[in-house]
Number of protein chains: 2
Amino acid sequence: MAQKNRLKYILLGLLKDKSQTGYDLTKSFESDIGEFWTANHSQIYPLLKRMEAERLIDHKTSLVGEKLQKKEYFITETGSHTFEKWLKSPSEIDTIHDEFILKLYFIDDPQSVLLKQMITSQQSYHRDKLVHLKMQFKEKFPSSKQIKQHFGHSLVLRHAIEREQGYSDWLNEIYKTIK
Amino acid sequence: MAQKNRLKYILLGLLKDKSQTGYDLTKSFESDIGEFWTANHSQIYPLLKRMEAERLIDHKTSLVGEKLQKKEYFITETGSHTFEKWLKSPSEIDTIHDEFILKLYFIDDPQSVLLKQMITSQQSYHRDKLVHLKMQFKEKFPSSKQIKQHFGHSLVLRHAIEREQGYSDWLNEIYKTIK
DNA sequence: TTAATACGTGTAATTAATTACATGTTTTAA
DNA sequence: TTAAAACATGTAATTAATTACACGTATTAA
């Protein structure tokens, strides 16, 4: 893909908060940050090595049990600096790859039978997503205390909820128009 | 990336409408469809060859001028069938890669000075996008006649506009909260 | 006690996407 | 008439991302 290697900055951001193993970092993408970025361990481990070579991070090895070696990565001064620089740099958004939008583009006829089916199926898809996101918000931000502590995260989740709400509204609008 | 090869279906969709050269198809991504999908010629030409090997498309060569050979691709029965099947299949949406959202996630403090700068810069970014999209809509759909002819495309553009509007609203909300 | 699950780290193979390299023709406007 | 821009088609190199392969340890619950 020849992309922009934003994963690097995510790892720096996560390590800035606390030292972690590759395994820990991988798990981050199964919850919280996984809502808006994906990465798996076979992407993370090699990247950690490269980042260490760049002196952005470092690690200390510790023993769990009697044999298992754990590599605990932590951020360096250089790493912190690189991260801060990234925060201040201009942000880009990649083209949104939405397969439904793509299909819709090719539907010329408002009375197409297929269109109705496509809309209803998308409606349930996004309804589910909305429910999921609202639950996430309730779980992570039950009170204003949590919001104050992780303000950015709360904004990001709120944005996702509003986006899904907008998507659903738009779908409902179309449905009303064509039925 | 090991992706889902949706480009294949886009090319089929474009060729379903009319026979085109690789060059023509490439140009499609500079306007219309380029608003929500990207592809360049070095991705398209090899894919066309593979699609021809799969008998999804075929081509006839014509001469322009005295020497220039033009390959005009057209869709086959198999191709049409494959495209229709895709339209009926479930749609997925890839994780939205928004660098600003990513950065925001790492901002814990509502009073962060950086946050204010980040918001204002994003505001202008999305304001510009919104203006651009609205202009696109006016150009492509000056009256209901065009909407009836390319209903899906109009919905897609309208969706993009509403999404940008929502993004801007959300940013303005945040700005009000933190200032 | 033993089997399943979670923890932990890595490599290999494949495919997708971008940028750069490479070449030539046709048309149009100065 | 000539130079620039548009037309037209390809390959090569690089990097990113996914899936699969691969190995071993520690903990927990039946």
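Hydrogens, waters and symmetry mates play no part in the numbers below; they use all other heavy atoms, side chains included. All chains are named by letter (A, B, ...) in the order of the sequence lines, taking the proteins before the strands, and each is independently numbered beginning at 1.
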Can you tell me how far [atom2] of [N] sits from [atom1] of [X], to the nearest Å?
{"X": "B:Lys49", "N": "D:dA12", "atom1": "NZ", "atom2": "C1'", "result": "14 Å"}
{"X": "A:His97", "N": "C:dA16", "atom1": "NE2", "atom2": "C1'", "result": "11 Å"}
{"X": "A:Gln20", "N": "C:dT9", "atom1": "CD", "atom2": "C1'", "result": "16 Å"}
{"X": "B:Leu7", "N": "C:dA16", "atom1": "CG", "atom2": "P", "result": "10 Å"}
{"X": "B:Leu63", "N": "D:dT9", "atom1": "CG", "atom2": "P", "result": "12 Å"}
{"X": "B:Arg50", "N": "D:dG10", "atom1": "CZ", "atom2": "C1'", "result": "14 Å"}
{"X": "A:Ile10", "N": "D:dA16", "atom1": "CD1", "atom2": "P", "result": "13 Å"}
{"X": "A:Phe29", "N": "D:dT19", "atom1": "CZ", "atom2": "C1'", "result": "18 Å"}

Residues in ring-ring contact (aromatic ring centres under 6.0 Å, His included) contact with B:Phe106, at least two apart in sequence or another chain: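 Testing B:Phe106 for ring-ring contact (aromatic ring centres under 6.0 Å, His included), a comparison that skips the adjacent residues, returns A:Phe83.
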Comparing B:Thr26 and A:Asn5 on DNA chain D - which has the more 5′ nearest nucleotide: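 Checking each residue's closest nucleotide, the 5'-ward one belongs to B:Thr26.
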If you look only at distance, which donor and acceptor atoms sit under 3.5 Å apart when one is on a side chain in residues 130-140 of chain A and the other is two or more places apart or in another chain?
unit_1: A:His132; atom_1: NE2; unit_2: A:Glu35; atom_2: OE1; d: 3.4
unit_1: A:His132; atom_1: NE2; unit_2: A:Glu35; atom_2: OE2; d: 3.0
unit_1: A:Gln136; atom_1: OE1; unit_2: A:Lys140; atom_2: NZ; d: 3.0
unit_1: A:Lys140; atom_1: NZ; unit_2: A:Asp32; atom_2: OD1; d: 2.9

[X]: partners by salt bridge (Lys or Arg N to Asp or Glu O under 4.0 Å), with sequence neighbours left out:
{"X": "B:Lys49", "answer": "none"}
{"X": "A:Glu92", "answer": "none"}
{"X": "B:Arg6", "answer": "A:Glu99, B:Asp94"}
{"X": "B:Lys176", "answer": "B:Glu173"}

Contact pattern, 5' to 3', of nucleotides 3-8 of chain C - B, S or - by protein heavy atom under 4.0 Å: ---SBB
Connected-component partners of A:Ile93 among ILVMFWY, side-chain separation under 4.5 Å: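 Its cluster partners, ordered by chain and number, are A:Ile96, A:Tyr125, B:Ile93, B:Ile96, B:Tyr125.
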Cluster companions of B:Tyr45 among Ile, Leu, Val, Met, Phe, Trp, Tyr (side-chain spacing under 4.5 Å):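 Cluster partners of B:Tyr45: B:Tyr23.
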Same apolar cluster: A:Ile10 and A:Leu155, side chain cutoff 4.5 Å: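 Same cluster: A:Ile10 reaches A:Leu155 through Ile, Leu, Val, Met, Phe, Trp or Tyr contacts under 4.5 Å.
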For DNA chain D, the residues among residues 33-44 of chain A that have a non-hydrogen atom under 4.0 Å from it: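 Contacts with DNA chain D under 4.0 Å: A:Thr38, A:Asn40, A:Ser42, A:Gln43.
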Proximal nucleotide (of D:dG10, C:dT26, D:dA16) relative to the B:Lys67 side chain: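 The answer is C:dT26, which lies nearest to the side chain.
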Identify every side-chain donor-acceptor pair in residues 54-74 of chain B under 3.5 Å, counting partners at least two apart or on other chains, and give the distances.
unit_1: B:His59; atom_1: ND1; unit_2: B:Glu52; atom_2: OE1; d: 3.2
unit_1: B:His59; atom_1: ND1; unit_2: B:Glu52; atom_2: OE2; d: 2.6

Sugar-phosphate, base or nothing in reach of B:Lys8, heavy atoms under 4.0 Å: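 Result for B:Lys8 = nothing.
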Any side-chain heavy-atom pair of B:His150 and A:Asp109 under 4.5 Å: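 The answer is no; the side chains never approach within 4.5 Å.
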Axial bend angle, the helix from C:dT1-D:dA30 to C:dA30-D:dT1: five-pair end segments, nearest 10°: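 Here the local axes at opposite ends form an angle of 30°.
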